[in-house]
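Note sheet for the following structure.
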Protein chains: 2
Amino acid sequence: MTERADRADRSTVERDPEAVSRFVEHFAAQLVEAGVPRMPARVFAALLASDSGTLTSAELGERLRISPAAVSGAVRYLAQVHMVSREREPGSRRERYRVHGDQWYEALTSRETVIKRWEHALREGVDSLGAATPAGRRLAETLAFFEFVDTEIAEMMNRWRAHRERLFGTQGTH
Amino acid sequence: MTERADRADRSTVERDPEAVSRFVEHFAAQLVEAGVPRMPARVFAALLASDSGTLTSAELGERLRISPAAVSGAVRYLAQVHMVSREREPGSRRERYRVHGDQWYEALTSRETVIKRWEHALREGVDSLGAATPAGRRLAETLAFFEFVDTEIAEMMNRWRAHRERLFGTQGTH
DNA sequence: CGCTTCTTTCACAAACTTGTGAAGTTAAGG
DNA sequence: CCTTAACTTCACAAGTTTGTGAAAGAAGCG
């Protein structure tokens, strides 16, 4: 694809920037409601809605009307949770941020990390309350639930990869 | 090692309150990190760690050192997301809050509600960006992912119920 | 090398959240 | 009915979080 994807790519459909913005803000709002900090959510939504799947810091700042500092912070967050990756553009000090079509919801599912910590806390609880007490038994059951979910999610992702291939041909976007 | 305390007599076991508190705060902290507001997280953890699975407002206030107002707010939140239910104690104006051993992680999984809203936003996005554009295709794939997850989660919960029965005999605690 | 362009860091002000005391509301039990 | 126990609502103070401007930090390119 060309370096200037924005202008060059009008081939298919004339895009209404206002409609795009509406989607970006709406989707970002849903992410926020699910616990994602606001700026990261907006930046992420903007990337999702871009044709190339990559935008520069300047483009993000312009589209979302936020300062370079805000972009910087948001991107740092997103990179940390593996929802975007950063690439340096070879002949420039410009940085590009990219959403890897598939990789990001794999990251989403990687709330595994979260689950692991829950499991740890629960194990502690079973120990200190005593496995024989009613409360201890409840915690043990909850723990078993999470352990079950853990393995199930892994299998689910495998099935998804197969399913996706069936739906969309081979590898995802990018 | 804590068996002496655990093993104590009577229906309501004499429990090392400090160990309980440690678990409550630790588990609550994990919930907070996952996006649950603090007071609801603490109240919920306290309920989880109680033998009966129910506590009154006064008991919660005492154990967590928070005002009745805070209990009230926390419980309202938890009831809304179906993590606890409220019952009125027959001959009294006392209210009891209960964690239904199994029901609550079914609620957890009911991120369906969340997912449904994501799906809606994504469908909107596919429409307004155009299904034929690269961005539109990315959104469509993401949408397909969530639709897939939706059905998978339902099936997973069925498998869990079977699995649980195998592990713990009959149906859950309560 | 040093100029220029882009990004990050930092301190702070604005905006939002949270938990509290106090007043308000509901219903049990005399 | 009236009292009183229990929960809820409200306004606000304290504490966080958020996004910004300003300045410093990298890195291409002449």
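In what follows, chains are A, B, ... by sequence order, proteins preceding strands, each numbered from 1.
If you check every strand for non-hydrogen atoms under 4.0 Å, B:S72 touches a base. Contact annotation for B:R96: no contact, since no heavy-atom pair falls under 4.0 Å across all strands. Across all strands shown, B:Y97 has heavy atoms under 4.0 Å from sugar-phosphate atoms exclusively, and none from any base.
Protein atom CZ of A:R76 is 9 Å distant from nucleotide atom P of C:dC10, rounded to whole Å. Across the protein-nucleic acid pair, A:E95 atom CD and D:dG28 atom P stand 11 Å apart, rounded to whole Å. In this structure, CD of A:E87 is placed 13 Å from P of C:dT7, rounded to the nearest angstrom. What separates CZ of A:R94 from P of D:dC29 is a distance of 12 Å, to the nearest Å. Atom OH in B:Y77 sits about 18 Å away from atom P in D:dT8, given to the nearest Å.
Mapping B:V75 and A:R38 onto DNA chain D by nearest heavy atom places B:V75 closer to the 5' end of the strand. Mapping B:P40 and A:S57 onto DNA chain C by nearest heavy atom places A:S57 closer to the 5' end of the strand.
Legend: salt bridge (Lys or Arg N to Asp or Glu O under 4.0 Å) pairs involving residues 34-44 of chain A, not counting sequence neighbours, sorted by first then second residue: A:E25-A:R42.
Under the ring-ring contact (aromatic ring centres under 6.0 Å, His included) criterion, B:F145 pairs with A:Y105, A:W160, sequence neighbours left out. Every residue meeting the side chain to side chain contact (heavy atoms under 4.5 Å, CB included) condition with B:E59, not counting sequence neighbours, appears here in chain and number order: B:L55, B:T56. Partners of A:T54 under the side chain to side chain donor-acceptor pair (under 3.5 Å) rule, at least two apart in sequence or in another chain, are A:S52, A:R96.
For the OP1/OP2 pair of C:dT8 and a distance below 4.0 Å, the side-chain nitrogens and oxygens of A:R86 include at least one atom meeting the criterion.
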Which atom pairs, one a donor and one an acceptor, fall under 3.5 Å between side chains of residues 151-159 of chain A and the rest of the protein, sequence neighbours left out?
{"from": "A:T151", "atom 1": "OG1", "to": "A:F148", "atom 2": "O", "distance (Å)": "2.9"}
{"from": "A:E152", "atom 1": "OE1", "to": "B:R159", "atom 2": "NE", "distance (Å)": "3.0"}
{"from": "A:E152", "atom 1": "OE1", "to": "B:R159", "atom 2": "NH2", "distance (Å)": "2.6"}
{"from": "A:E152", "atom 1": "OE2", "to": "B:R159", "atom 2": "NE", "distance (Å)": "3.3"}
{"from": "A:N158", "atom 1": "OD1", "to": "A:R161", "atom 2": "NH2", "distance (Å)": "2.8"}
{"from": "A:R159", "atom 1": "NE", "to": "B:E152", "atom 2": "OE1", "distance (Å)": "3.0"}
{"from": "A:R159", "atom 1": "NE", "to": "B:E152", "atom 2": "OE2", "distance (Å)": "3.3"}
{"from": "A:R159", "atom 1": "NH2", "to": "B:E152", "atom 2": "OE1", "distance (Å)": "2.6"}

- Task: List the steps, then state whether salt bridge (Lys or Arg N to Asp or Glu O under 4.0 Å) holds for A:R22 with A:E18.
- Result: CA-CA 6 Å; A:R22 215 170 23 249; A:E18 213 194 276; 3.4 Å; yes
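Taking CZ of A:R63 as the reference point, atom CZ of A:R65 lies at 12.5 Å (rounded to 0.5 Å).
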- Message: How would you summarise protein contacts on nucleotides 20-30 of chain C per nucleotide, using B for base, S for sugar-phosphate only and - for none, with heavy-atom distances below 4.0 Å?
- Response: BB------SS-
